[in-house]
Protein chains: 2
Amino acid sequence: MSNAYNRPDQLSPELRRRVLDTARRLGYPGPDPVARSLRTRKAGAVGLLLTENLSYAFRDPAAIGFLEGLALACEDAGTGLLLVPANPEREDVASVHRAGVDGFVVYSVPDDDPHLAAVLERPVPTVVCDQPDLGTVDRVGIDDRGAMYELARHLIGLGHRRIGVVCMRLARDRNDGFVTPDRQHAAHFHVQRNRLSGLAEAFSEAGVDWSQVPVVERFDHNMASGASGAAQVLDRDPQVTALICTSDVLALGAMTEAARRGLRVPHDITVTGFDGIRAGEEAGLTTVRQPVLEKGRAAGKLLLDANERSRPRSVNLATELIIGKTSAGPRGGVEERWFGP
Amino acid sequence: MSNAYNRPDQLSPELRRRVLDTARRLGYPGPDPVARSLRTRKAGAVGLLLTENLSYAFRDPAAIGFLEGLALACEDAGTGLLLVPANPEREDVASVHRAGVDGFVVYSVPDDDPHLAAVLERPVPTVVCDQPDLGTVDRVGIDDRGAMYELARHLIGLGHRRIGVVCMRLARDRNDGFVTPDRQHAAHFHVQRNRLSGLAEAFSEAGVDWSQVPVVERFDHNMASGASGAAQVLDRDPQVTALICTSDVLALGAMTEAARRGLRVPHDITVTGFDGIRAGEEAGLTTVRQPVLEKGRAAGKLLLDANERSRPRSVNLATELIIGKTSAGPRGGVEERWFGP
DNA sequence: TGAAAGGACCGTAACGGTTCAGAACCAATT
DNA sequence: AATTGGTTCTGAACCGTTACGGTCCTTTCA
């Protein structure tokens with residue numbers, strides 16, 4: 001029976017025809033994929049776990065790029081891509097247990113996410129993205145710390161010393177406001193923690209007291225958050241000469257807030273982002289470009305040729321500092337001093 | 001055993017603890033989701049079939065919106081979303097057979113797509129989007145014909161009689177060039193067929209010989225296609241006063257081509273789109289807005305409360321004609337004549 | 001003509017859970 | 001002491017497929 005469908009060479013055409021005929025007559029709907037998966041131990045799909053609601057995957061430009069790359073790898077291998085619902089509010093780990101997949105890709109979730117723990121307990125290969133190296137599973141990411149350090153050096157070179165920062169959520173709890181040094185250090189999102197630490201290092205080296213730098217956190221990741229975060233920084237210290245955002249989306253929001261206050265970018269204030277999304281490019285944003293599509297594709301490739309117990313691999317992709325037209329020397333001209341006598 | 005995990009009330013806490021303990025000691029990784037699916041006849045996921053490569057879902061703005069809506073419905077119901085790979089080049093129906101899902105959403109595939117046929121043969125509920133009403137499964141879509149008719153009336157009112165059309169692929173075979181009336185009529189993509197027929201009706205009523213109107217087809221759906229399609233129309237008839245595109249993406253491409261030729265929009269030439277995507281809105285595109293997100297959400301809802309053999313439902317969502325700043329009266333001023341004596 | 005070889009076909013045992021019937025046990029009632 | 005009622009626990013059947021090994025029949029060659 002199974003052979004009639006899947007292995008036509010194993011039986012005579014005549015019998016095959018007869019089997020298929022009676023199958024149709026009996027209303028047999030074809031082999032059941034679930035039963036097949038049980039028997040063959042192959043689900044033909046990889047699962048994707050991300051920190052946000054499912055639909056976030058289609059709202060955030062960077063996530064979309066990542067998913068496109070991952071989908072590219074999947075279609076090459078002919079496997080499906082299962083988006084696993086993981087509501088960050090509830091600790092609904094059941095969805096991870098219910099997912100019939102051959103492996104997981106975990107995209108930027110907090111270190112202490114119960115869903116991540118649930119994935120790691122399942123006996124399937126896993127690739128984590130934008131996470132610390134767990135040592136036990138494959139990883140792909142970038143050097144967030146180094147990239148942000150480089151961006152900070154650029155701003156320091158321009159003369160900026162009095163800055164403000166708007167970052168994405170640092171932990172699972174909502175904290176829309178200023179961030180204590182403790183919270184920065186203990187941040188559960190690897191990416192944010194490293195970007196902040198890159199900034200802290202560069203500015204500390206340049207003689208800035210990092211503990212005095214206003215760092216504002218936003219739970220939701222969209223332009224409105226960037227705008228309100230920038231507003232909070234500017235309210236606290238109207239003298240800042242640069243707003244450093246840990247994502248392009250936040251930076252674009254910050255620019256609308258600057259405009260609302262009549263501040264010209266970059267003449268009155270410098271704004272920078274991180275990611276290198278299309279909309280940022282169009283706005284001429286100074287940022288760090290990271291290859292989001294390649295990241296997704298690399299994650300898929302890593303997962304799909306998980307060569308039986310090779311040691312866990314760790315891939316770092318290259319980033320590129322993009323100096324756009326949203327960064328310049330601080331108003332009043334430290335720039336002049338820079339090139340002066 | 002199963003009870004220890006899923007039905008704690010069915011056994012004493014003491015036994016439960018003992019079972020779980022020895023399970024852990026034996027390295028038991030928890031219940032296997034596939035076996036569970038087999039037994040319970042629930043996969044906990046819905047499948048999405050679309051006409052393009054998997055990654056297309058993350059490249060096309062309208063598709064992204066649709067998926068966001070679908071994901072929204074899925075996360076409400078706590079089900080996963082499985083993207084089924086369906087390479088349009090190869091007739092690889094196996095991926096449909098292998099998908100362990102509780103239902104399918106089929107998004108804008110050609111009438112004669114073998115993947116669609118394979119889905120319909122599977123004994124699971126199905127919702128088709130942007131497809132003709134099959135009578136046997138649920139459907140959600142818009143009145144493509146009526147919406148395009150309305151857009152055409154707007155252009156006719158402005159005085160346009162000499163027009164050109166750029167449309168998306170009409171069938172599974174690649175035909176990057178002019179479209180015969182036969183091919184228009186026999187188009188296998190419901191959406192494109194209806195949009196063209198809405199145009200044909202309106203312009204025929206206005207005294208235009210539709211068979212003389214240059215209609216150019218493009219297989220790939222991106223801005224480059226819109227640009228080259230527009231070029232082909234303008235090469236054939238440089239006198240056209242309006243370029244009607246069957247999607248915003250094509251229209252944006254057409255506008256770049258117009259700019260390249262030094263034609264000002266709308267003064268020298270009118271360009272219109274269809275969909276109502278963000279980038280079009282920013283460009284002030286005259287278009288038909290359709291609620292892509294709502295469409296996805298409606299499809300998901302329909303699928304997820306498939307109430308046991310109710311008659312197949314058919315949902316039409318409302319569209320809205322958006323008159324932007326890319327449409328105006330034809331150069332040389334039929335507009336004047338229009339308002340003249 | 002008989003043995004060996006090969007091909008076509010068929011029956012059965014997992015795969016790993018869930019479910020349900022009924023056994024075993026204990027306590028309370030008649 | 002026997003019946004009843006209730007709870008906890010055990011075992012077996014079933015979900016639908018694929019892998020495997022065995023039977024049977026046909027062909028080939030000594």
Side-chain angles (χ1 to χ4, degrees), chain A residues 1-45 47 78-80 82 84 93-104 118-119 121-125, chain B residues 1-45 47 78-80 82 84 93-104 118-119 121-125:
Chain A
M1 170 60 136
S2 163
N3 286 339
Y5 281 86
N6 311 316
R7 212 94 32 112
D9 50 311
Q10 293 291 311
L11 64 173
S12 64
E14 201 282 342
L15 177 67
R16 179 176 147 86
R17 193 190 48 71
R18 238 179 49 223
V19 169
L20 260 45
D21 268 6
T22 52
R24 181 160 24 244
R25 189 153 38 75
L26 264 47
Y28 173 74
D32 180 311
V34 177
R36 185 209 304 262
S37 287
L38 174 60
R39 185 64 240 246
T40 62
R41 327 245 52 181
K42 283 255 148 286
T79 45
L82 177 69
V84 178
V93 184
S95 57
V96 172
H97 289 142
R98 253 209 316 261
V101 295
D102 300 324
F104 278 99
V119 164
E121 272 174 12
R122 289 209 26 194
V124 292
Chain B
M1 169 60 137
S2 167
N3 286 339
Y5 280 87
N6 310 315
R7 209 92 36 108
D9 51 312
Q10 293 290 312
L11 63 175
S12 62
E14 201 282 342
L15 177 65
R16 178 177 148 86
R17 194 190 48 72
R18 238 177 49 221
V19 169
L20 260 45
D21 266 8
T22 52
R24 183 161 21 247
R25 189 152 39 74
L26 265 47
Y28 173 74
D32 180 312
V34 177
R36 169 188 311 196
S37 286
L38 174 60
R39 183 65 238 242
T40 61
R41 329 243 53 183
K42 282 258 150 286
T79 45
L82 177 69
V84 177
V93 184
S95 56
V96 172
H97 289 141
R98 253 208 316 261
V101 296
D102 299 324
F104 277 99
V119 164
E121 272 174 14
R122 290 213 21 197
V124 293

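In what follows, every heavy atom counts, from backbone to side chain, and hydrogens, waters and symmetry copies are set aside. Each chain gets a letter, A, B and so on, in the order the sequences are listed, and its residues count up from 1.
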Self-check item: Spatial distance of atom NZ (A/K42) from atom CZ (A/R36) [nearest 0.5 Å]
Solution: 13.5 Å

Quiz item: Are any of B/R41's side-chain N or O atoms less than 4.0 Å away from OP1 or OP2 of D/dG16?
Solution: yes

Quiz item: Looking at A/F104 and A/V124, what are the two nearest heavy atoms and their distance?
Solution: CD1-CG2, 3.7 Å

Self-check item: Interatomic distance, B/R17 CZ vs D/dT8 P [rounded to whole Å]
Solution: 17 Å

Quiz prompt | Nearest heavy atoms of A/A99 and A/V84, plus distance in Å | solution = CB-CG2, 4.1 Å

Quiz item: Between B/V34 and A/V34, is any pair of side-chain heavy atoms under 4.5 Å apart?
Solution: yes

Extract from the structure each pairing of a protein N or O with an N or O of nucleotides 20-27 of chain D at less than 3.5 Å, listing the distance.
none

Quiz item: Whole Å only: how far is the NZ atom of B/K42 from the C1' atom of D/dC15?
Solution: 14 Å

Quiz item: CG of A/L38 versus C1' of D/dT17: gap in Å, rounded?
Solution: 8 Å

Practice problem: Could I get the full list of side chain to side chain contact (heavy atoms under 4.5 Å, CB included) partners for A/R39, not counting sequence neighbours? | Solution: none

Below 3.5 Å between N/O atoms, which protein atoms pair up with nucleotides 23-26 of chain C? Just atom names and distances, please.
none

Practice problem: Compare every heavy atom of A/R98 with every heavy atom of B/G78, then report the nearest pair and how far apart it is. | Solution: O-NH2, 3.4 Å

Practice problem: Could you pull out all residues at least two apart from A/R24 that satisfy side chain to side chain contact (heavy atoms under 4.5 Å, CB included)? | Solution: A/D21

Self-check item: Length of the CZ-P vector between A/R36 and D/dC15, whole Å
Solution: 19 Å

Quiz item: Which residues pass the side-chain hydrogen bond (donor to acceptor under 3.5 Å, both in side chains) test with A/R41, sequence neighbours left out?
Solution: B/D32

Quiz item: Listed in order of residue number, which residues of residues 93-103 of chain B have a non-hydrogen atom at under 4.0 Å from DNA chain C?
Solution: none

Exercise. Compute the angle between the rotation axes at the two ends of the helix from C/dT1-D/dA30 to C/dT30-D/dA1, each taken over five pairs, rounded to 10 degrees.
Key: 60°

Quiz prompt | No-H, no-angle donor-acceptor pair, B/R39 side chain to C/dT18 base, under 3.5 Å | solution = yes

Quiz item: In terms of the nearest nucleotide of DNA chain D, which residue is placed more toward the 5' end: A/D32 or B/E14?
Solution: B/E14

Quiz prompt | Shortest non-hydrogen separation from A/G44 to A/D102 and the atoms involved | solution = N-OD2, 2.8 Å

Practice problem: Taking only the side-chain heavy atoms of B/A35 (C-beta and beyond), determine which of D/dA19, C/dG16, C/dT18 contains the nearest atom. | Solution: C/dG16

Self-check item: For the student: nearest non-hydrogen atoms of B/G30 and B/Y5, plus distance
Solution: CA-OH, 4.3 Å

Quiz item: D/dT17, C/dG17, C/dG16: which one has an atom nearest the side-chain heavy atoms of B/P31?
Solution: C/dG17

Quiz prompt | Phosphate-side-chain proximity, B/Y5 and C/dG16, N/O vs OP1/OP2 below 4.0 Å | solution = no

Self-check item: From A/Y28 atom OH to A/L20 atom CG, the distance as rounded to the nearest 0.5 Å
Solution: 9.5 Å

Practice problem: Mind listing the closest non-hydrogen atom pair of B/H97 and B/A118 along with its distance? | Solution: NE2-CB, 4.3 Å

